[in-house]
Structures are given as structure tokens and as C-alpha cells.
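Everything numeric here is computed off the predicted structure, so don't read it as measured data. In what follows, every chain begins at residue 1, and chains take the letters A, B, ... in the order their sequences are listed.
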Amino acid sequence: MSAWHEIGLVTDIPRRGARCVATPFGRIAVFRTAEDHVFATEDRCPHKGGPLSQGIVHDSSVTCPLHNAVISLESGEMRGPDEGRVRVFKTRVDPLTRVIELSLAAEAAGIVEAAE
Amino acid sequence: MQRLVVIGAGMASGRVLETLFETDPDAFAVTLFNAEPRGNYNRIMLSPVLSGEKSFEEIVTHSDDWYGEHKVTCRFGEKVVAIDRARKVVVGEKGEVPYDRLIVATGSVPFIVPVEGRDLDGVITYRDLDDTNRMIEASGRPGSRAVVIGGGLLGLEAAAGLRLRGMEVTVLHLSGHLMDRQLDEAAGYLLRKDLEKRGIAVMTRASTERILGDTRVEAVELADGTRLEADLVVMAVGIRPSVEIARAAGLAVNRAIVVDAQMRTSDPDIYAVGECVEFNGTLFGLVAPLYEQAKVLANCLVGKPGSFSVRELSTKLKVTGCDLFSAGDFSVGEGREEIVLRDPSQGVYRRLVIENDRLVGAVMYGDTGDANWFFDLIRDGAPVAAMRETLIFGQSYQGAAPLDPMAAVAALPDDAEICGCNGVCKSKITGAITSKGLTSLDAVRVHTKASSSCGTCTGLVEQLMALTLGNAFNPQAVKPMCGCTDLGHADVRRLIVAKQLKSIPEVMQELEWKTSCGCAKCRPALNYYLIADWPGEYVDDDQSRFINERVHANIQKDGTYSVVPRMWGGITSAKELRAIADVADKFQIPTVKCTGGQRIDLLGVKKEDLPAVWADLNAAGMVSGAAYGKALRTVKTCVGTDWCRFGTQDSTGLGVRIEKFMWGSWTPAKVKMAVSGCPRNCAEATCKDVGVICTDAGYEIHFAGAAGLDIKGTEVLTQVKTEDEALEMIVALVQLYREQGHYLERIYKWLKRVGMESVRAAVVDDAEKRRFYFERFVKSQETAQRDPWADRASGGVASHEFRPMAEITFKEAAE
Ligand SMILES: Cc1cc2nc3c(=O)[nH]c(=O)nc-3n(C[C@H](O)[C@H](O)[C@H](O)COP(=O)(O)OP(=O)(O)OC[C@H]3O[C@@H](n4cnc5c(N)ncnc54)[C@H](O)[C@@H]3O)c2cc1C
Ligand code: FES
């Protein structure tokens with residue numbers, strides 16, 4: 001389970017936007033920031049499960065479309081007074097081809113739980 | 001009633017009339033001439049208009065309504081050519097007006113340097129709105145260059161404004177340092193450095209030899225042969241009092257019209273006030289003494305005592321970021337000593353001049369916090385020996401006075417002057433706050449005039465309010481848009497237009513956003529403002545829209561979407577209903593519901609299915625109902641004359657017409673409308689954002705209702721006779737709201753903020769303005785009226801939204 005999965009090009013995702021990757025363990029949201037950093041999190045807001053991939057991306061955060069929770073894409077933590085954390089996944093981008101690779105490894109066990 | 005004629009509607013005469021109407025509104029029938037084709041405005045705020053920090057509307061001091069209310073006969077745009085004292089008539093370009101009393105308030109005209117080429121196109125002065133507009137226009141040409149002749153107050157404000165508008169600017173100044181009449185060399189140097197940092201080139205000891213060009217200015221040549229290319233030359237070297245008509249009428253005129261302490265000229269029925277007068281050999285060029293004169297004159301007209309005297313003046317420069325202050329006489333000489341404080345790292349410089357134990361002059365640059373305190377010391381001539389050692393550090397270092405600025409304000413004596421322009425002292429402000437129950441800065445400005453002119457004393461006035469009102473005063477009355485900026489919505493909207501900001505990054509850069517790319521609060525707001533202000537030019541930024549507006553459907557709590565097609569005016573057909581039923585079957589849509597806006601909602605659609613659902617609905621002729629957007633939602637109707645026995649007009653037809661005309665437009669918040677065919681109001685038009693009640697006589701246009709968290713009946717905007725007029729009125733109203741509304745501010749809240757009068761003035765009272773707003777709406781519809789569903793159903797637009805970018809199978813994941 002340590003493999004890197006190619007999921008597409010950086011340019012497949014709009015800047016300051018996100019897309020989803022379907023996995024057997026549930027949807028993963030993959031974000032691209034204004035500076036072309038790529039992050040991946042589980043597509044479920046720690047608050048009430050809102051699809052984070054549908055939120056507005058700003059800096060390295062996303063605001064959930066349902067109730068405006070702001071989540072750090074780097075740590076998965078909710079910003080501000082609220083507490084809660086979404087699972088994050090490792091990504092890497094090939095500097096030449098700009099292909100994004102996603103690893104399910106670190107958090108794979110957790111996803112099964114989250115996907116229920 | 002006595003006839004009072006006033007020549008010149010400027011800052012001085014404006015204040016005379018205000019004071020006069022306050023004391024005795026019925027004493028005179030007033031006729032007011034003005035060579036400028038408009039009434040009185042705050043001339044000193046032309047600089048913020050030039051730089052784009054204010055709009056002209058914001059600096060108008062007397063509106064048409066004000067003149068109307070006081071029954072002033074306005075002859076704007078008409079110059080007075082003569083005064084016939086024998087017959088007691090004033091001769092205007094369009095006819096004569098007899099007077100019992102006459103006020104000459106003609107101000108002054110800019111001095112034109114008598115050099116060759118001064119008449120060329122593109123050589124202008126800086127005095128009125130037309131000059132300002134000419135500068136704004138010239139700065140609109142990319143890469144254009146300006147030469148400003150004169151490095152005094154006016155010249156520098158012009159230079160800073162033109163630079164802010166993107167011009168290359170050079171300032172030429174004859175003497176050795178800038179603002180040499182108000183500053184010493186050291187302060188002049190700091191000022192120069194600050195201006196150069198802004199990209200303004202400064203040349204001192206620069207004497208203009210001539211201006212070159214065929215018909216238009218091309219360059220300026222200096223005495224030493226230097227040649228400066230220029231597309232615009234602004235002359236700001238000084239002013240000359242306008243005294244021709246007074247002199248021709250035989251009044252005593254020296255350098256200006258000679259007046260006594262009651263502002264009377266050599267003819268006892270003729271007064272003069274403002275920059276056109278000379279009193280005790282003194283001329284005037286700042287508003288503070290003019291306001292003083294105005295008060296004396298107004299009182300004199302109604303027989304109240306008072307006399308004018310010359311007082312010390314102080315100067316400030318209204319260039320944001322260049323804080324300077326000077327007052328009194330700061331030349332060195334026998335028996336004078338000076339105290340200087342410098343902090344080069346902060347660009348701070350202070351110099352005080354003392355004579356006979358009295359402060360006689362002060363120059364400050366960079367930190368002008370104690371300016372008013374020093375100014376008071378100069379005017380009062382108070383002995384300073386006791387605090388000589390710490391004087392230069394300002395008030396907060398004196399004796400027991402603590403460092404806290406609030407305490408410093410508290411410690412000011414009651415007669416301490418707070419607003420220099422309007423001569424308002426501390427007790428007048430605190431008195432008005434308590435006796436009139438004022439709680440906002442605007443209210444204090446209206447009642448006391450404090451900080452209503454140049455505005456540099458705003459901070460002090462706010463401190464006084466905080467002191468007097470305690471916690472009841474909230475100086476942050478402007479709520480910032482969000483944590484990314486200190487600016488409120490109103491400022492941001494204004495600056496977008498004034499500074500011509502046309503993209504989100506541009507707005508964030510120019511308005512100094514504190515975050516790199518905003519947040520979920522400000523980005524959608526900015527996106528809307530840019531769409532509304534630059535239709536056809538601005539490219540909608542999908543990533544700055546809430547998901548609903550990005551995918552053109554409403555997200556539900558389980559992450560599925562709801563889809564509502566338009567039903568024009570609530571009318572549908574068997575064909576449409578069949579298509580909706582088919583879609584519900586085909587995509588297994590769990591819930592189909594009628595909405596309050598007379599249409600059908602399909603709930604529980606999977607995101608991936610959206611484009612296909614839309615394609616099917618499109619095929620049956622339906623378009624997006626925008627039920628998800630800050631946009632025109634529904635126009636609810638009743639059946640009207642077609643079927644109803646009470647109906648007075650074709651309400652359904654009008655509803656359909658409005659909806660077909662306006663769909664697709666984005667608005668600050670959602671807009672729901674309704675048209676009722678008779679006053680029984682079956683379409684519930686009186687709780688909508690915009691409603692129409694048809695009557696036998698025509699159409700009653702309502703707006704600003706609410707039926708959500710707040711419940712509020714509509715207000716009647718006006719009545720019109722025909723359907724065409726109703727449509728034009730509604731469209732203009734919505735466009736006004738589109739241009740003024742704060743993001744997410746519903747129409748009723750917008751109305752509460754701007755007031756009925758301003759809305760009526762824009763769309764009801766003035767047919768031309770109404771047409772203007774109507775046409776701007778039409779223009780914006782050219783690009784806005786596109787069905788977003790059709791764009792996306794075809795798979796062309798934003799297809800990434802509806803498909804996962806990749807799928808990782810169980811087998812792959814398990815590897
Ligand atoms: C850009 C700018 C910035 C300034 N900044 C400051 C500042 O920060 N602080 C400060 O204290 N002062 C400032 N001033 C100076 C201040 O504006 C003037 O002192 C003040 O406006 C003079 O008032 P007034 O009523 O005498 O003349 P004006 O305001 O000039 O009014 C005179 C009016 O009379 C009209 N008029 C003239 N002749 C005739 C005629 N024959 N018939 C009919 N109408 C006629 C003119 O068209 C004009 O409208 C500034 C001035 C300018 C231009
Ligand atoms: S000092 Fe200019 S407005 Fe008060």
C-alpha cells in the first residue's frame with residue numbers, strides 16, 4: 001500500500017480549485033492553490049461532512065461550502081476556534097511532466113473508517 | 001422680503017448662506033450666480049477626487065434639493081458681467097437682477113505664468129471640477145507625462161493625484177525647496193524624499209522658459225535649456241483675486257476688494273467675502289479665515305453684531321502618507337531660538353521657534369500628532385518656559401499628562417480648537433454630542449461641521465466622541481469586508497471604480513489586501529463587484545464563486561444538488577411538465593417539489609448527472625432558473641386580465657416580460673419579484689424585493705420588501721402609466737442596486753442604508769438618470785444573458801466540475 005498513484009496533471013485542476021479522485025475508500029479531494037501547490041484531503045468536512053472539494057480555495061486553506069468551516073490543506077486542521085481535523089494524503093508533482101501522484105499509504109487505514 | 005444677490009457659489013458664500021438660513025430663513029429672497037455650471041462643492045476636496053479617493057458626489061456641499069428647500073434662485077453657469085450700483089442691479093449674461101443687498105464672493109483665479117506657449121492645448125490650471133476632470137482624462141492615456149509648475153500645496157496635490165492615476169509626473173519649483181512658504185528646508189527635503197519615493201520627479205530652482213508645441217503641448221523648456229517632454233502641463237503657481245467686476249463698479253479695490261471688519265465694501269449695500277477680499281492689507285487663500293468671514297457677514301445681514309479679525313493660520317497637505325504641518329512664523333532671527341527633533345529612521349522632523357518665552361512657529365514632518373496642541377500654544381501665546389525642556393516631544397510628555405492619546409484629548413481645555421478649517425472648538429463638539437444625542441461621525445459633521453472640510457482632524461473628533469459617549473461609540477462604524485482588509489464594502493466598491501481596478505489580484509494589490517488571495521468572504525464579493533462594474537470586460541472567476549453559482553445548482557446537505565428550471569412568470573406547459581417528469585424518472589430524482597416562486601424544484605440530483613439533466617431540460621426549451629444565485633430569481637404573477645374578473649392589467653404578461661428582460665443578471669443578493677393584477681395582491685407583491693401592483697390607473701412600483709428572517713412590507717417607489725414605463729423603472733432601480741449594493745445586502749437593507757430620497761433622485765425624479773441606469777443594465781445583459789446550463793450541458797464549459805479527475809480501483813489501491 002505504499003504505491004504512488006498517478007491521478008492526472010496539475011493543469012487538470014483549476015487554480016484555487018479542487019477535483020475529486022474516487023477511491024474504494026471514499027472520495028479524496030485534490031486541491032491546487034494559487035501558487036500551484038497541490039494538496040489532497042479526504043472529501044469530508046470534519047464539521048458535518050460537507051464536500052470540501054466544492055469549497056473556495058484561498059491561500060493553503062479551503063472554506064467548506066456547507067457552513068464555512070476553514071480547513072488548512074497542509075495539516076487538515078480546522079482553523080479558528082473550532083476543533084476538528086480531516087485526513088490528509090501525500091502528493092507529489094513531477095517537475096517536468098507536472099503529473100500529480102497521490103499516496104494512499106499513510107492514511108489508508110483511516111479512510112476505510114471515514115468512508116463508512 | 002429683501003432681495004439678496006450673491007455673485008459666486010463658492011466655499012465662502014456657501015457658508016454665508018448656510019449660516020443665514022440657520023438664523024433667519026425668511027429674511028431674504030436669494031439669487032445666486034455662479035460662473036461654474038454647478039452649485040457649491042468642497043473645493044479643497046478636489047484633490048481626493050483627482051486621486052480617486054473620493055467621488056465628486058461625495059464633495060458636493062449643497063445639493064439641488066438644498067437650494068430648492070431654501071428657495072434660492074440658482075443661476076449656475078451664468079457669469080455676472082457688471083454691477084450697476086446706480087440702479088442697484090446685477091447684470092448677468094442672461095439678464096439683470098435687482099438687489100437690496102449684494103455679496104461679491106468671486107474667489108480667485110489661478111495665476112498663469114506669462115510664458116510663451118501658455119495657451120496651448122493641454123496647459124491647464126487647478127481650480128475647479130473641470131480642471132480636475134481634464135487631469136483625470138489626460139491621465140487615462142497610458143504612458144502619458146505631466147509637468148506640474150509650482151511645488152506648493154496645490155501643485156503637490158495635483159502631482160500626487162496624477163501620479164496615483166499612473167502618469168509620469170515632474171514637479172518644477174522655482175525656489176530651493178518645496179512648499180517654501182510653509183516649510184523650512186529640512187521639512188521640504190523630507191517631503192521631497194517622500195514624493196520621490198512615490199515616483200514623482202522633483203526639480204527645484206527650476207525656472208520655466210517656455211512651453212513648446214504646435215497646437216498641443218509637447219514639452220517644457222527650462223531656463224537652463226533642459227527640455228521635459230509633456231502631454232499635460234498643470235500651472236499651480238498661485239492665485240489672483242477675482243476683482244474685475246468690483247473694480248469696474250467703482251468699489252474700493254487694492255490688491256483685492258477692500259472690506260471692513262463687517263465685510264462691507266466701500267458701498268454700504270455691497271459686501272464681499274472669501275478670497276476676493278483684502279482686510280487690513282491681508283489677502284486670504286485658505287478656508288479657515290473665509291468661514292470666519294462668512295459667519296460675521298451672515299450675522300451682519302440680519303443685524304447681529306460681530307467683527308472679523310486675522311488669526312494665525314496653519315497648513316496641512318492632503319497627500320496621503322505625507323504628514324506635514326506648519327503654523328506661525330518660523331524664520332530665524334534676533335531673539336529667537338529653535339528646538340529641533342529628528343528621527344531619520346522614521347522620517348520625522350520637528351522644529352519649534354520660540355520668542356520671548358512664547359511659541360511663535362512650528363514645522364513638523366512625518367509625525368503631526370501634536371499639531372493642534374502646538375497650534376493652540378501659538379495662538380494663545382501661552383508662556384512655555386516651564387515645559388521648555390520637553391516641549392518638542394509634545395503634549396503627552398508635559399507634566400502629569402499621561403502618554404495615552406485619549407487622556408491627552410480629555411485634558412484639552414474646552415476652547416481648544418479641534419477643527420481648524422471650520423473653527424470648531426472642543427466644547428462645541430462635546431456639547432452637540434450630548435445635547436443632540438449624536439452617535440456617529442457623520443452626525444457630528446452635520447451638526448458641528450467639525451472634520452467636514454479637509455478631514456485631517458477626524459481622528460481627534462472620533463476621540464472626543466469616544467470620550468463623551470464611552471462604549472456607546474464605535475469608531476469602527478465601517479465594518480471591514482472581512483479579515484483580509486480594513487476597508488468596508490462601500491470603500492472597496494468606490495475604489496474599484498475610481499482606480500479602475502479590473503481584476504481580483506489588482507484589487508487585492510492596490511487596496512493592500514492582507515492575505516495573498518483573499519478568503520471565502522471577500523472573493524465572491526469582489527467577483528460580483530467586478531462583474532457589475534466592468535460588464536463585458538471582466539472575466540468571471542469561477543473559483544471565486546460559491547459552489548452553487550459555480551455549478552449552477554443548489555448544494556444540499558448530503559452533497560447532492562437541486563435543479564430548478566425557469567418558468568417565465570410562473571407559466572408552464574404540458575410539454576415542459578412532461579420533460580420534467582421524464583428527467584425525474586431517468587435520473588431517479590427522489591423529490592419533486594413546487595417552490596414558493598411558482599416553479600418546480602428537482603431535489604437530490606447527483607453532481608455527475610447535472611450536465612445530462614440540463615441537456616434534457618434545455619431540449620424542452622427550459623433554461624436555468626438561477627435558484628442558486630445572487631441573481632434575479634423569480635417573477636411571481638397572478639393571472640390578471642386574461643382570466644381574473646378583478647384583474648386590471650395583464651399582470652402575467654408584464655411578469656413574463658420582466659423576467660425575460662432581466663434573467664441572467666447577477667445582483668448583490670437574490671432578487672425576487674412579483675406582479676399582482678389588482679390591489680387584492682394575489683402574487684404577494686408587497687413583500688418582494690421588487691413588486692408591481694396593477695391598478696386601473698397603471699402600475700404601482702414597490703420595492704424593498706422582505707419575507708425571510710425579517711418581515712417587511714414594501715415601500716412604494718412611484719406610479720407609472722404604461723407597461724414600458726414600469727419596465728424601465730424596475731430595470732433602472734435594479735441597476736442602481738447592482739451598482740450600490742454591498743455583496744449579500746438585500747434590497748431592503750440597501751434602501752435602509754442609502755435612503756429613499758437618493759433612490760428616487762436617481763431613478764424617479766430624473767428621467768435622464770433613469771435612462772442611464774436602464775441602458776447600463778441593457779449593456780451588462782449583452783454578456784450576462786447566457787444560459788449557464790446550455791454552456792455546461794454541451795460539455796464545453798467547466799467539464800472538470802462534474803467528473804472525478806481519476807479513479808483508483810481497489811486492486812490498484814491494494815498494490
Ligand atoms: C485643489 C485645491 C485644494 C485646496 N486645498 C485647500 C486646503 O487643504 N485647505 C484650505 O484651507 N484651502 C484649500 N484650498 C483653497 C480653498 O479652496 C479656497 O480658499 C476657497 O475655495 C475660496 O473660497 P471662495 O468662496 O472665496 O472662492 P471659490 O470657492 O473659488 O468660489 C468662487 C466662485 O465664484 C464664481 N465666480 C467668479 N467670478 C464670477 C462671476 N463674475 N460671476 C459668477 N460667478 C463667478 C466662481 O466660478 C466660483 O465658483 C484649495 C483650493 C484648491 C483649488
Ligand atoms: S482641520 Fe480640516 S476639517 Fe478639521
### Query
Of all residues at least two apart in sequence or in a different chain, which pass the side-chain hydrogen bond (donor to acceptor under 3.5 Å, both in side chains) check with B:D540?
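With neighbours one apart ignored, the set is B:N527, B:R545.
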Where on [X] is there a heavy atom nearer than 4.5 Å to chain A: the side chain, the backbone, both, or neither?
| X | answer |
| --- | --- |
| B:S544 | both |
| B:D558 | neither |
| B:K607 | side chain |

### Message
At a heavy-atom distance under 4.5 Å, which candidate from B:T809, B:I555, B:I547 has the highest pair count against chain A?
### Response
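Most heavy-atom pairs within the cutoff with chain A belong to B:I547.
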### Message
Please identify, among B:C484, B:G559, B:G518, the residue contributing the most non-hydrogen atom pairs under 4.5 Å to chain A.
### Response
B:G518
### Query
Quick one: of A:G49, A:S61, A:G55, A:A18, who has the most non-hydrogen atom pairs under 4.5 Å with chain B?
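Heavy-atom pairs under 4.5 Å are most numerous for A:G55.
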### Task
Give the member of A:D43, A:L9, A:L66 that has the highest number of heavy-atom pairs under 4.5 Å with chain B.
A:L66
### Query
Could you name the residues of residues 30-40 of chain A that have a heavy atom within less than 4.5 Å of a heavy atom in chain B?
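Answer by number: A:V30, A:A34, A:E35.
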Tell me, side chain or backbone of [X] under 4.5 Å from chain B's heavy atoms, or both, or neither?
| X | value |
| --- | --- |
| A:V57 | backbone |
| A:I7 | both |
| A:R27 | neither |

### Check against side-chain contact (heavy atoms from CB on, under 4.5 Å), B:Q543 and B:R550
CA-CA 7 Å; B:Q543 298 313 128; B:R550 197 158 74 221; 4.3 Å; yes
### Task
For residues 51-77 of chain A, pull every pair meeting ring-ring contact (aromatic ring centres under 6.0 Å, His included), keeping only residues two or more places apart or in separate chains.
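Applying ring-ring contact (aromatic ring centres under 6.0 Å, His included) to every pair that reaches into residues 51-77 of chain A, excluding sequence neighbours, yields A:H47-A:H67.
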### Query
Heavy-atom count around B:R786 CZ within 6.0 Å, excluding the residue itself: above 12?
no
### Task
Any pair with a residue in residues 47-74 of chain A that passes salt bridge (Lys or Arg N to Asp or Glu O under 4.0 Å), sequence neighbours left out, goes on the list, sorted by first then second residue, please.
none
### B:K586 bridged to B:D616 by N-O distance under 4.0 Å
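Answer for the salt bridge query: yes.
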### Query
Charged N to carboxylate O under 4.0 angstrom, B:D689 versus B:K670?
no
### Task
Begin from the C-alpha positions of B:T595 and B:D601 and carry the test side-chain hydrogen bond (donor to acceptor under 3.5 Å, both in side chains) through to its verdict.
CA-CA 6 Å; B:T595 72; B:D601 194 353; over 6 Å; no
### Task
Take B:E549 and B:Y528 through the test side-chain hydrogen bond (donor to acceptor under 3.5 Å, both in side chains) and record every step on the way to the result.
CA-CA 11 Å; B:E549 293 187 354; B:Y528 166 71; over 6 Å; no
### Query
Between atom CD1 of A:I56 and atom SG of B:C519, what is the distance when rounded to the nearest 0.5 Å?
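So the gap between those two atoms works out to 8.5 Å.
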### Query
Does the side chain of A:I71 reach to within under 4.5 Å of the side chain of A:L52, using non-hydrogen atoms?
yes
